[in-house]
Protein chains: 2
Amino acid sequence: MSGMDGQHLGMRLSTAVVAFHEAVGTHLGVTAVDQRAYAIVAGEGRMSAGDLAKRLALTPGAVTGIADRLERAGILTRTPDPADRRRVLLTANPGAYGDLLAGLGAAMSALTATYTPAEQQTIADWVTRTIDILREQTQRLTDNHPR
Amino acid sequence: MSGMDGQHLGMRLSTAVVAFHEAVGTHLGVTAVDQRAYAIVAGEGRMSAGDLAKRLALTPGAVTGIADRLERAGILTRTPDPADRRRVLLTANPGAYGDLLAGLGAAMSALTATYTPAEQQTIADWVTRTIDILREQTQRLTDNHPR
DNA sequence: CGAGATATTTCAGTAGACTGAACTAAATTG
DNA sequence: CAATTTAGTTCAGTCTACTGAAATATCTCG
């Protein structure tokens, strides 16, 4: 990466992202799994507790605990499904989470503004492709895990 | 970010990084704290178990467990300090960790190669500044944690 | 409507990581 | 060289998240 060690830079970015993620978790009083659950609900939209259990490969009982913690943290809401009142629908509350990330968002927007549109396009492209690679490599690791 | 939602893209990148990180941990049979410990030793170089305990704000007993797991995973080595044989020096084994990340490294290098030197410079610059922002925001969260 | 199936919660038990303190070994100090 | 301090490991106890199963509520279907 043009004179810089891309490998090392990527590692440092990863460490920084993970550290931030952990700080958010500590701040909210939720676990890493809780955050993964939140990301799923936020990304895929409102879903039942049972569906989330399947996505996480956890038991329904575990999801009750996860929803409890996320609800207590104020970033998830439980609503009984009007169509099937046994079900509980879990909804991400982007407002509460957004407030927490507001500082980061502002700083990142300011950073983005320092680049030309063409540069912004290059960065967005790189980020998008990096996400694809990470997903692919995550899959590869998950497949051959020597468990 | 040029037509794309930078906020959302950043969130997806974060999720992908964290997912990869978790997959590595699962693959190696180490915890998130173990990985943080490894990153510290790898980043700051060989250090004693006691120093690592201070950096992690954990008890010496906890560090024994961490070193056990990292050693079993093959990415950390314990060596008695020749100058003070009570001490145990912890050394990151970049080879073993590197093997694990080889696939990712290759894919990222290939990605990098698709950009012009100027674009590579832009990306490296963005990554560097993003790391700074993340560190700063992590600090902010760690400071006002409502524990 | 009644029987069985399904969704979530609750709860007892389990597993893993951390603390605090005792223990061992090695250094320092008087 | 004896007494004290320091480094790391060990170990019992604690805490927390998860599982598996029982309990509760609701839906579906004959």
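Chain letters run A, B, ... following the sequence lines, proteins first, then strands; residues in each count from 1.
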Ring geometry between A/W126 and B/W126 (parallel below 30°, tilted from 30 to 60°, perpendicular above 60°): perpendicular
Sugar-phosphate, base or nothing in reach of A/V33, heavy atoms under 4.0 Å: sugar-phosphate
Sugar-phosphate, base or nothing in reach of B/A49, heavy atoms under 4.0 Å: sugar-phosphate
A/R87 CZ - C/dA7 C1' separation (whole Å): 7 Å
Along DNA chain C (nearest heavy atom to each residue), the more 5'-positioned of A/P60 and B/A62: A/P60
Side chain to side chain contact (heavy atoms under 4.5 Å, CB included) partner of A/V41, the single match among A/L52, A/L70, A/D51: A/L52
Carboxylate-amine/guanidinium contact A/D125 A/R129, below 4.0 Å: yes
Touch class at under 4.0 angstrom, heavy-atom based, for A/G50 against every strand present: sugar-phosphate
B/D84 side chain, from C-beta outward: closest of C/dT10, D/dA17, C/dA27: C/dA27
A/R86 CZ to C/dA7 P, straight-line distance once rounded to whole Å: 6 Å
For atom CG of A/L58 and atom P of D/dT16, their distance in whole Å: 19 Å
Protein-nucleotide distance (B/L52, atom CG; D/dG8, atom C1'), rounded to Å: 13 Å
Note: B/D68-B/R78 ion pair, threshold 4.0 Å (strictly below): yes
B/T64, nearest nucleotide to its side chain (from D/dT19, D/dT10, C/dT19): D/dT10
Distance, rounded to the nearest Å, where B/I66 contributes CD1 and D/dA7 contributes C1': 16 Å
Non-hydrogen side-chain atoms of A/R12 and B/R135 separated by less than 4.5 Å: yes
A/M47 CE - C/dA7 P separation (whole Å): 15 Å
For atom CD of A/E71 and atom P of C/dT8, their distance in whole Å: 14 Å
Shortest side-chain distance from B/V88, nucleotide among D/dT9, C/dT9, C/dT8: D/dT9
Comparing B/G61 and A/R85 on DNA chain D - which has the more 5′ nearest nucleotide: B/G61
Nearest-Å distance for atom pair CG/C1', residues B/D81 and C/dA27: 12 Å
